[in-house]
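The structure appears below as structure tokens.
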Amino acid sequence: MPPGFDPGGIFSSETLYSGERTPIPAPHCELMIAAICLALLYLASALLAWIDLRRGIIPNWVNLAIAIIGLARAAILDGWTAALGAGCEGAVVGAIVFLLRGLYFKFRKFHGLGLGDVKLLAASGIWIGVAGVPVQLLVASLAALATAGVMQLAGRTMTRQTSLPFGPFLALGLLVALALLQQGWIN
């Protein structure tokens, strides 16, 4: 290494008067990383909602971004084992929802949930785990039901065949479930 090279320099601060480097305490780094990941999740969720409302589709790259941010957060803050566990939980959630989607199609002869929604639920499983997904689905369903009720009251005819993008509601459910998880309301 060259003299004076400090690979940890991005996580230290130089005092103004002495020129000495003092490390930033680890909790501040963890808090900063957690805040950045959360801000990126909020941004991706808002983008997802906007695209799904306008085009009726959730792009794969948005779902992938949500998954990668969640995996990176788990790896940086909790280690590779936690990231692997989070990835497995996301895969399990995605597989279960994909199978339920297939069963629904078998009985009803149309898909009630798009593949983008399935992928979003898989990515959500990385953030909130298997235990948080039912809360996410409950929040999303209640918000969608309330929206449909408001639309009906506003004069828009709502039938069983009326399509309503579910991605924005799933994104809202993810954010609410994550907040409840961080507050300890979900185990």
Side-chain angles (χ1 to χ4, degrees), residues 37-38 40-75 78-149 151 158-182 184-187:
C37 290
L38 189 60
L40 290 172
L41 176 63
Y42 273 89
L43 180 64
S45 296
L47 185 61
L48 179 146
W50 183 71
I51 292 171
D52 198 16
L53 286 171
R54 292 191 58 141
R55 296 185 17 208
I57 190 169
I58 301 173
N60 288 335
W61 64 268
V62 176
N63 283 328
L64 186 60
I66 290 172
I68 288 172
I69 295 165
L71 288 172
R73 177 186 173 275
D78 301 323
W80 289 106
T81 306
L84 180 61
C88 288
E89 285 194 68
V92 166
V93 169
I96 291 170
V97 175
F98 184 74
L99 290 173
L100 289 174
R101 179 182 186 265
L103 283 173
Y104 186 86
F105 181 77
K106 183 177 180 176
F107 292 112
R108 298 293 306 264
K109 303 299 182 222
F110 69 92
H111 292 292
L113 199 61
L115 281 176
D117 298 324
V118 173
K119 295 171 196 172
L120 176 57
L121 285 164
S124 298
I126 293 170
W127 280 89
I128 57 177
V130 174
V133 172
V135 174
Q136 176 189 16
L137 288 169
L138 176 65
V139 169
S141 298
L142 291 175
L145 184 61
T147 300
M151 291 171 69
M158 302 296 288
T159 66
R160 293 171 62 180
Q161 306 305 332
T162 303
S163 177
L164 188 63
F166 199 48
F169 303 109
L170 286 173
L172 173 67
L174 169 60
L175 298 176
V176 169
L178 184 61
L180 293 174
L181 184 69
Q182 290 177 342
W185 289 31
I186 301 173
N187 292 328

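Only this structure's heavy atoms are used, side chains among them; waters, hydrogens and symmetry mates stay out.
Looking at residues two or more places apart in sequence or on another chain, you find no ring-ring contact (aromatic ring centres under 6.0 Å, His included) involving Tyr42. A search for ring-ring contact (aromatic ring centres under 6.0 Å, His included) contacts involving Phe107 returns nothing, not counting sequence neighbours.
Judged by distance alone, the side chain of Trp127 and the main-chain N or O of Gly132 form no donor-acceptor pair under 3.5 Å. A donor-acceptor pair under 3.5 Å is absent between the side-chain atoms of Asp52 and the main chain of Pro165, judged by distance alone.
By the 4.5 Å heavy-atom criterion applied to side chains, Leu164 and Phe169 are counted as neighbours. Glu89 has its side chain out of reach of Val133: every pair of non-hydrogen atoms, C-beta onward, lies at least 4.5 Å apart. Taking the side chain as every heavy atom from C-beta outward, Phe166 and Ser141 approach each other to under 4.5 Å. Taking 4.5 Å as the limit, some side-chain heavy atom of Val93 sits within range of a side-chain heavy atom of Val130. Two residues are said to be in side-chain contact when any heavy atoms from C-beta on lie closer than 4.5 Å; Leu48 and Asn63 meet this criterion. Ile128 is listed as a side-chain neighbour of Gln136, based on a closest heavy-atom distance under 4.5 Å. Residues Arg73 and Ile126 have side chains not in contact (no heavy-atom distance under 4.5 Å, counting atoms from C-beta outward). Side-chain atoms of Leu170 and Ser124, non-hydrogen and from C-beta on, never get closer than 4.5 Å to each other.
Shortest non-hydrogen contact noted between Val118 and Gly94 is CG1-O, 3.8 Å.
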Practice problem: For the pair Asp117 and Val97, evaluate side-chain contact (heavy atoms from CB on, under 4.5 Å) and give the outcome as yes or no after the intermediate values. | Solution: CA-CA 9 Å; Asp117 298 324; Val97 175; over 6 Å; no
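Atom CG of residue Leu178 and atom CD1 of residue Ile186 lie 8.5 Å apart, to the nearest 0.5 angstrom.
Below 30°, between 30° and 60°, or above 60°: for Phe105 and His111 the angle between ring planes is below 30°, a parallel geometry.
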